There are 2 protein chains.
Amino acid sequence: MDESQLLKGILEGCILSIIAKGETYGYEILSQLEEDGFEGLGEGTLYPVLTRLDKKGYILCRKAKSPLGPIRKYYSITENGKENLEKFKEVYKKMTQKADKILFCNDLNEEKGGDGIC
Amino acid sequence: MDESQLLKGILEGCILSIIAKGETYGYEILSQLEEDGFEGLGEGTLYPVLTRLDKKGYILCRKAKSPLGPIRKYYSITENGKENLEKFKEVYKKMTQKADKILFCNDLNEEKGGDGIC
DNA sequence: CACAACTACTTGACATAACAAAGTAGATGT
DNA sequence: ACATCTACTTTGTTATGTCAAGTAGTTGTG
């Protein structure tokens, strides 16, 4: 059961969502993700996502000095990125609703979040 | 926004869950998934998953004639598979809870399912 | 001043899984 | 004979997360 496969696609949306809440930089995103329960994510996982989001035009990049280390790259979301984030949320919501139904609506009255999905 | 990436990992769990509900075969699983909202899944997507689940020992395979076509391969879940399915559900639940929090708990009181995630 | 420790980003090689497209083949009906 | 539906296989492509290693600026300790 490879957890990393489940992350695919989700991670990019989560990172875009974090940037949407305010300008931030890689290292901070990493600690934010850690705080949110996504532990053990390496830098080699995060930075390629940022590059990708930038290439797609979903975020803007601005370089600025750090008060305690090498140069930071600050990212902020673009209009294009905001639109994409909303689309992503819709797709994510639909996808998980479908999966929830198959996974948690068996013969028995199993439940996922406490609300009645079934 | 590539939907197929979001499917990764989820699909395997869903298919295992469908098999857990009773012995079935590929073509039937495909129509079941379609019924559950996973439309447009090709055979080239489904069958490799079944092979994988079989290799991992999560399902058993039995060949039998079809009343209306070529031979079918009937699959049923193993004890090992049942255990794995439960583990998968846990991992899936945790993962989506984390993602839900990041995606739907912004400054505004957005909501996902109607229950208070935030 | 040398060195460790923390911050911060980069790069390259790799594994996994979904997907498209094409193929093989049995059964049925016209 | 031919189309159609059922049913499974195979091959190559692509996207994305992951590991490992590297580069580099800043601060504090001995």
Side-chain angles (χ1 to χ4, degrees), chain A residues 1-16 23-34 38-56 58-59 61-75 88 91-92 95 98-99, chain B residues 1-16 23-34 38-56 58-59 61-75 88 91-92 95 98-99:
Chain A
M1 178 198 36
D2 190 357
E3 291 198 36
S4 79
Q5 290 302 321
L6 267 184
L7 246 195
K8 298 220 169 162
I10 294 181
L11 185 62
E12 186 173 309
C14 286
I15 290 174
L16 188 54
E23 195 188 47
T24 182
Y25 57 96
Y27 218 72
E28 196 177 51
I29 294 174
L30 211 53
S31 58
Q32 180 64 55
L33 283 167
E34 195 121 341
F38 290 96
E39 288 149 36
L41 284 184
E43 296 158 297
T45 297
L46 172 71
Y47 290 106
V49 178
L50 293 173
T51 312
R52 219 186 303 147
L53 288 172
D54 194 17
K55 265 186 203 161
K56 289 182 186 170
Y58 297 159
I59 56 178
C61 181
R62 169 176 82 80
K63 283 180 198 169
K65 273 191 225 165
S66 161
L68 39 71
I71 279 190
R72 283 178 186 161
K73 289 170 101 173
Y74 285 91
Y75 294 99
F88 170 79
V91 172
Y92 169 85
M95 180 76 73
K98 285 184 277 184
Chain B
M1 178 200 38
D2 192 355
E3 291 197 37
S4 79
Q5 291 301 323
L6 266 184
L7 244 196
K8 299 225 169 157
I10 296 181
L11 185 63
E12 187 172 309
C14 286
I15 290 172
L16 189 54
E23 195 188 47
T24 181
Y25 57 97
Y27 218 72
E28 196 177 50
I29 294 173
L30 211 53
S31 57
Q32 180 64 53
L33 283 167
E34 193 121 344
F38 290 96
E39 288 150 35
L41 284 183
E43 296 159 296
T45 298
L46 172 71
Y47 289 106
V49 178
L50 293 173
T51 311
R52 221 186 302 148
L53 289 172
D54 194 17
K55 265 187 201 158
K56 289 181 186 169
Y58 297 159
I59 55 177
C61 181
R62 167 177 83 79
K63 283 179 197 169
K65 274 190 226 167
S66 160
L68 38 71
I71 279 188
R72 282 178 187 162
K73 291 171 100 173
Y74 284 91
Y75 293 98
F88 170 80
V91 173
Y92 168 85
M95 179 75 73
K98 285 183 277 185

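Chain letters run A, B, ... following the sequence lines, proteins first, then strands; residues in each count from 1. For clarity, every value in this text was computed on a predicted model and none was experimentally measured.
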Could you please name the option among [options] that lies closest to any side-chain atom of [X]?
X	options	result
A:Pro70	D:dT18, C:dT16, C:dT7	C:dT7
B:Lys73	D:dG17, D:dT9, C:dA17	D:dT9
B:Val49	C:dA18, D:dG17, C:dA8	C:dA18
B:Arg72	D:dA7, C:dA17, C:dT10	D:dA7

*Would you check if A:Leu53 and A:Glu12 make a side-chain contact, meaning some heavy-atom pair closer than 4.5 Å?*
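Side chain of A:Leu53 against side chain of A:Glu12, heavy atoms only: contact under 4.5 Å found.
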Heavy atoms under 4.0 Å, any strand shown: does [X] hit a base, just sugar-phosphate, or nothing?
X	answer
B:Gly44	base
B:Ile71	sugar-phosphate
A:Lys65	nothing
A:Leu11	sugar-phosphate

*With nearest nucleotides of DNA chain D determined for A:Ser66 and A:Thr45 from heavy-atom distances, which residue corresponds to the more 5′ nucleotide?*
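The answer here is A:Thr45.
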Closer than 4.0 Å, any side-chain N/O of [X] to the OP1 or OP2 of [N]?
X	N	value
A:Arg52	D:dG17	yes
B:Tyr47	D:dC8	yes
A:Tyr27	C:dC9	no

*Show your reasoning for whether side chain to side chain contact (heavy atoms under 4.5 Å, CB included) applies to A:Phe88 and A:Leu16.*
CA-CA 10 Å; A:Phe88 170 79; A:Leu16 188 54; over 6 Å; no
*Less than 3.5 Å between a donor and an acceptor, one on the side chain of B:Lys8 and one on the base of C:dT16, is that the case here?*
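Absent.
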Rounded to the nearest angstrom, tell me the gap between atom [atom1] in [X] and atom [atom2] in [N].
X	N	atom1	atom2	answer
B:Leu30	C:dA18	CG	C1'	13 Å
A:Leu33	C:dA8	CG	P	15 Å
A:Leu50	C:dC9	CG	P	8 Å
A:Met95	C:dA17	CE	C1'	13 Å
B:Ile15	C:dA17	CD1	C1'	11 Å
A:Lys63	C:dT7	NZ	P	22 Å
A:Leu6	C:dA18	CG	P	10 Å
A:Leu68	C:dA5	CG	P	18 Å

Heavy-atom closest pair, residues [X] and [Y]:
X	Y	result
A:Tyr47	A:Tyr27	OH-N, 3.5 Å
A:Ile10	B:Ala99	CG2-CB, 3.7 Å
B:Leu6	A:Met95	CB-CE, 3.9 Å

*Could you walk me through whether B:Arg72 and B:Glu28 pass the salt bridge (charged side-chain N to carboxylate O under 4.0 Å, His left out) test, one step at a time?*
CA-CA 10 Å; B:Arg72 282 178 187 162; B:Glu28 196 177 50; over 6 Å; no
*Specify the residue among A:Gln5 and A:Glu28 whose closest nucleotide of DNA chain C lies further upstream toward the 5′ end.*
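The residue mapped nearer the 5' terminus is A:Glu28.
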